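Numbering of ligands and ligand atoms starts at 1, following listing order. In this text the structure is predicted, and so the values were computed from the model without any measurement. Starting from 1, each residue takes its place in the sequence as its number.
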Amino acid sequence: MKNYSKNPEFLLLGLSDISDHRILLFMCFLIMYLLNLLGNSTIIFLVRSNSNLRTPMYFFLGNLSFVDMCSTSTIVPKMLANIILTSSLYLAECIVQLYFFLVFACTECFILAIMAYDRFVAICSPLHYSMMISNRLCAMLIIVSWLSSALHSLLHSLMASTLKFCGINTIHHFFCDMTPLLHLTCSDTSLNKLLIYTEGGLPVLIPFIIVLTSYVRIISTIVKIRSRDGRSKAFSTCSSHLIVVILFYGTIFFMYMRPSSSFTVNYDRIVSVVYTIVAPMLNPFIYTLRNKEVKGALKKTFVKRRFYKS
Ligand SMILES: *[C@@H]1O[C@H](CO)[C@@H](O)[C@H](O)[C@H]1NC(C)=O
């Protein structure tokens, strides 16, 4: 029988075995993290303080920004500390990080699906919009997303916490994701894998199906609009969301939907950087640059503040 400790220590390698440029990496990720916090908190502030943005679409956008801030905050501060200090972490800490990462990632999937459904109703049955998307329904959808993500993540992190580790525990990744843990363990992982390949896919697959069907209906409705003006107006209300969805699901599919023989730790890490750090940072900018109402609110707030100051 092999020896194992109940709460073994792990070394998170981060990106240090890929690149020696510690300071450059540190500055890069610090700037991306600060931009993420700045952009997303600006969106939340605008949604809360602007009467123009008091519609379900912007409530969801505010929630999306909140989730984006939280999900990177579970990863980047520890990662930045690791670039400088190369510290280790205990299994318990690792499982906690895995849990919160899963909660925020699943909630993001659900919110993207809710936003797609919201756009579907707004474009395909505009007359019934205020009846179908009530404030109560919005709040309920958000609560259900958080609760089901919390339960799902609890299940998976409890399963991960039963894994046993023997020997050298070096994680070739910048956070405790499921795949590197399954790579390292010396326990039998068949039950974990069974759970991941069955229930594990649902929080990605169900929202994806909702997004896909919503956009098929949206696009078939937009194509039928006669006037060019009407067409571009209808499309402009969902184009930012469409870009965010493509960015998010694109990288997730790139990461998980490929033959397992092509799994390499380095490739995994670089794709993970895109959907855990780069995409959440870009979301607020995509919405501000492409959305007239958000741009207007930003201008109004900024100009008003300056006016009061002088
Ligand atoms: C999130 O959504 C709920 C329900 O629609 C809303 O009341 C709340 O203000 C939103 N949160 C943010 C930060 O926008």
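Residue N63 has at least one nitrogen or oxygen atom sitting less than 3.5 Å from a nitrogen or oxygen atom of ligand 1, judged on distance alone. In terms of polar-atom proximity, Y58 is not counted as a contact of ligand 1, lacking any N or O under 3.5 Å from an N or O of the ligand.
Annotation: atom 9 (O) of ligand 1 to nearest protein heavy atom, R48 NH2, 3.0 Å. Scanning the protein heavy atoms around atom 5 (O) of ligand 1, the nearest turns out to be C138 CB, 3.4 Å. Given atom 4 (C) of ligand 1, the protein heavy atom at minimum distance is A139 CA, 3.7 Å.
Interatomic distance, CG of D118 versus CD1 of I111, reported as 12.5 Å (0.5 Å rounding).
Contact atoms of ligand 1 toward G62: 12 (C), 13 (C), 14 (O) (distance under 4.0 Å to a heavy atom of the residue).
Within the 4.0 Å cut-off (strictly below), a protein heavy atom is located near atom 14 (O) of ligand 1.
Checking side-chain atoms of T189 against main-chain N and O of T185 turns up no donor-acceptor pair under 3.5 Å. With hydrogens and angles ignored, the 3.5 Å screen pairs a side-chain donor or acceptor of Q97 with a backbone N or O of C176.
F10 pairs with exactly one of F165, F175, Y90 by the ring-ring contact (aromatic ring centres under 6.0 Å, His included) rule, that one being F165.
Looking at F59 against ligand 1, both its backbone and its side chain come within 4.0 Å, counting heavy atoms.
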